[in-house]
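Naming: A, B, ... by sequence-line order, numbering from 1 per chain.
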Amino acid sequence: MIVEVIVDVSAYPIDRPFDYIVPEELKDLVERGSRVHVPFGNRKVQGFITNIKEQTDIDTSKLKEVQSIIDVEPVVTEELLQLSKWMTNKTLCYEIDALQVMLPAALRASYKKNIKLIDSNAVDESFLALFGKKDTITYEVIEKAGYLRQMKKYLTQGSVQLETVIKQHVKAKTITKYNVIATKEYIQNQISNLAKNAVKQRELMEWLLIQEQDSFTMEELKETVNANNNVVKALIEKNILALEKAEVYREITTLEHHDTDHRFQLTEEQSVALEKINHAQNHAENTTFLLHGITGSGKTEIYLNAIENSILKGKQAIMLVPEISLTPQMTRRFKLRFGDEVAVMHSGLSIGEKYDEWRKIWRGEVKVVVGARSAIFAPFKDLGVIILDEEHESTYKQEDNPRYHARDVAIWRSEFHKCPVILGSATPSLESYARASKGVYSLLTLKARAKEQALPTVNVVDMRVELKNGNRSMFSVELADAIREKLDRKEQIVLFLNKRGFSSFVLCRDCGTVVECKNCDISLTYHRSGEQLKCHYCGHEEPVPSICPECASEHIRFFGTGTQKVEEEIAKLFPFARVIRMDVDTTRTKGSHERILKQFGDGEADILLGTQMIAKGLDFPNITLVGVLNADTTLHLADFRAAEKTFQLMTQVSGRAGRHDKEGKVYIQTYTPEHYAIELSKLQMYEPFYHKEMLVRKQYEYPPFYYLTLVQITHENVMLASEYAKLATDWLRANLSEQSMVVGPTACAISKIQNRYRYQCLIKYKKEPILIEKLQQLIKIYRTEWMKKGIILSIDLDPSTIL
DNA sequence: AGCACGCCGACT
DNA sequence: GTCGGCGTGCTC
């Protein structure tokens, strides 16, 4: 028996199955999708069985044996094996990367190098001393002691040996249980035989006699009878108690006692939408629905109902949200409705917690997973519905290999399971809305807010006028007045600082120099804490200069606006307002998101000041004012989605106001009030924006009119980077069909990151059947010829941004 | 990727 | 002479 194994080595020539012989004693254990340990070259690696066969074309003398089988049951289902093949081809990644991304990090191997002593007589004493009494020590010990040279010598001599050891990240958490294994009579009998001074033992035994359960943790024994280890040990020796190691799940607490599940009466619109979804579910139709509902229109209630219907039919459901740790309210709602049938998956969980949640799904113990992007790979066997909330969010696209889009994976899985997909958004991506308009997706529209609240009134404030009137503050007179009014009324305010593509930088007022990162083509960001300048791309830090590094002028100061600076200005303008700041600096630690939101929800602050991360999920009744301090910073990015992103962001932020019975107000401050993305977000009307933006996309030949593929080339040397970018572009131009437009090469908008110069080439096409094949050929040229020159080439099919 | 092999210049 | 630099080639 022979198995094909995809080994855990991400490299071009390794990206294919390797054949191994299955030893007799493992034959009944091998299954497709199980992990194995196999020898590979002179090391030992982990791999996935992707096929089982009896014959091979490989010279049998070269075949090695499978060393061991890690999983008695496959961790990758047949469906996911097929999906990984599809992803490999669709995103041009290695098959091993596609397989790994489907599993929780806990199941990925990490490798450790160990040194084994073979001939202790052949090595000198100080080296031998490193080993102590052991015959094997880790590579790090030798590295730290500075004996790498020595070791290499001994390696060639054969007096020591290098071994790779596969380390499993996380194990199932176990607790020790103490089970009663004796009958009551036996215990009675033992009590009467006890020595007089065995007070504690007697107490514990008597207590056990009156208990209904027969299994306890050490904590329970300690708390109730104040037993100590020795007492328990004595009872174990008397064969009354027995130890048992039991697997437990790590607890993720999301529920609080006062939470209750509210079921809402569906509105007419919601019922119509739900009926269509249920119809698809009941008739096993893999329809993709685009649920376009304005903020507050009750999309979540529809999701909950669709999932309920799938559970009723004995099926499972996947619910994706952009980054779940941002919306604990959302998780809570699912837990309340579906209780223990829900698993939760997001980046805020530890590796062990993720592993536990994944196992609940894998073992079929839950029916629903609520999670971020990678939860799309939940190993469910019979899906009834897949939902992507806020489908336009760019976090659904993974930005490194494999560069998959959760939406594409969702649709693939829905075809496999014959179940519907629901893409929900108040501001759908242009691609999705265009597909819905063409009838590829089925459009469901919710026009009314579920609780009939009025949409907030949105005011656009022209900051140029403010400047003209001598107001240099970052608060317009109108916004400042509104804040004051709300503060008086004890209502809550959210202030949003649009930071993407814009942050505080240091500029010399004499020569105009902006202090930039020495590794990257990006200005350094001023951080108040520690008076440091930081690079957000490579992490480089340096102190704020007191004189200009170019012209030595002392007129150097920071410009731009960070949340810290806004906070100071608020303190000046509204000294009695209590402010909570929410940005990368204040949310670095685990659970800080939730804590900040809870504080604000509990009314411990009047103003919540934050960046991108507050745009979503906030749903507090007392928020009646939302201020956007600088709406247009996302507008000037050199990206075809700049307008779309700005419109989405403004609409999302505005939606935070007046979600309950109090009326909401929104102020958007901008220097370009006439831009359609700003103008139309004021009206909260998606369709007009969609039509306007579609015209722009058509004119400049961008998605959804054309598909894009982005090819980026980087090198430490500018000349080489541009030279090979030219080579790649020319090759594509010569080899792709006439229907494809090959644009470039051009320097990337961020021309240098981490000391590597970046060039790119953009392929635009409506239809290009040979695209994948040609890109694979290009990759081959790159791997075999360009890579050794230090070139790095990356290909992103359907990029979400081209920066 | 990660490792062994092998060929060549620079030193004890 | 040998140490150690890195170019080349292989992994079932």
Side-chain angles (χ1 to χ4, degrees), chain A residues 1-24 26-27 30 32-70 88 92-101 108-116 118 122-124 127 138-140 142-143 146-167 400-402 714 716 720 779-794:
Chain A
M1 189 192 257
I2 288 163
V3 285
E4 288 181 10
V5 175
I6 298 290
V7 293
D8 180 23
V9 177
S10 296
Y12 183 65
I14 315 299
D15 184 34
R16 61 194 169 85
F18 284 81
D19 290 353
Y20 286 88
I21 295 170
V22 182
E24 198 60 41
L26 294 179
K27 274 187 179 167
V30 295
R32 280 156 58 92
S34 285
R35 292 169 304 155
V36 284
H37 286 152
V38 289
F40 191 69
N42 53 352
R43 47 205 171 121
K44 188 171 87 179
V45 297
Q46 205 174 82
F48 293 84
I49 298 174
T50 53
N51 248 327
I52 302 170
K53 56 190 185 183
E54 296 299 333
Q55 296 293 318
T56 179
D57 302 335
I58 308 291
D59 175 5
T60 37
S61 65
K62 283 172 97 180
L63 288 185
K64 293 182 184 171
E65 281 195 350
V66 170
Q67 189 192 323
S68 61
I69 293 186
I70 306 170
T88 304
L92 297 173
C93 67
Y94 300 135
E95 196 168 345
I96 188 66
D97 289 339
L99 287 166
Q100 298 280 28
V101 80
R108 269 168 241 163
S110 67
Y111 298 88
K112 253 183 72 172
K113 279 186 279 187
N114 281 348
I115 311 300
K116 191 178 181 187
I118 301 295
V123 302
D124 68 53
F127 188 84
T138 66
Y139 184 84
E140 286 80 50
I142 292 182
E143 194 177 24
Y147 278 89
L148 283 185
R149 298 269 147 84
Q150 289 266 28
M151 185 193 74
K152 206 179 165 190
K153 201 174 76 189
Y154 295 141
L155 266 176
T156 41
Q157 284 175 14
S159 38
V160 298
Q161 241 173 40
L162 195 65
E163 316 179 309
T164 28
V165 181
I166 301 168
K167 210 170 61 169
D400 45 279
N401 285 334
T714 71
E716 289 173 10
L720 279 176
I779 289 175
K780 192 166 185 184
I781 297 172
Y782 154 64
R783 301 281 179 194
T784 51
E785 293 168 35
W786 302 354
M787 223 165 97
K788 45 180 173 260
K789 299 254 169 42
I791 295 283
I792 293 178
L793 175 141
S794 73

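If you check every strand for non-hydrogen atoms under 4.0 Å, A:Tyr20 touches sugar and phosphate atoms only. A:Pro39 comes within 4.0 angstrom of sugar-phosphate atoms only, judged by non-hydrogen atoms across all strands, and of no base.
For A:Met787, the side chain to side chain contact (heavy atoms under 4.5 Å, CB included) partners are A:Tyr782, A:Arg783, not counting sequence neighbours. By the ring-ring contact (aromatic ring centres under 6.0 Å, His included) test, A:Tyr94 is found to be paired with no residue, residues two or more places apart in sequence or in another chain being considered. Residues satisfying the ring-ring contact (aromatic ring centres under 6.0 Å, His included) test with A:Tyr139, not counting sequence neighbours, are none. In this view, A:Pro17 and A:Glu4, A:Ile6 satisfy the side chain to side chain contact (heavy atoms under 4.5 Å, CB included) rule, not counting sequence neighbours. For the salt bridge (Lys or Arg N to Asp or Glu O under 4.0 Å) test, no residue two or more places apart in sequence or in another chain qualifies with A:Glu54. For A:Pro13, the side chain to side chain contact (heavy atoms under 4.5 Å, CB included) partners two or more places apart in sequence, or in a different chain, are A:Ala11.
Nucleotides of DNA chain C with any atom under 4.0 Å from a heavy atom of chain A span, from 5' to 3', C:dG4 to C:dC12. Taking a heavy-atom distance under 4.0 Å as the criterion, the stretch of DNA chain B touched by chain A extends 5' to 3' from B:dA1 to B:dA4.
A donor-acceptor distance shorter than 3.5 angstrom exists from the side chain of A:Arg32 to the backbone of A:Thr50, with no hydrogens or angles considered.
Under the salt bridge (charged side-chain N to carboxylate O under 4.0 Å, His left out) criterion, the residue pairs touching residues 10-20 of chain A are A:Asp19-A:Lys53, with sequence neighbours excluded.
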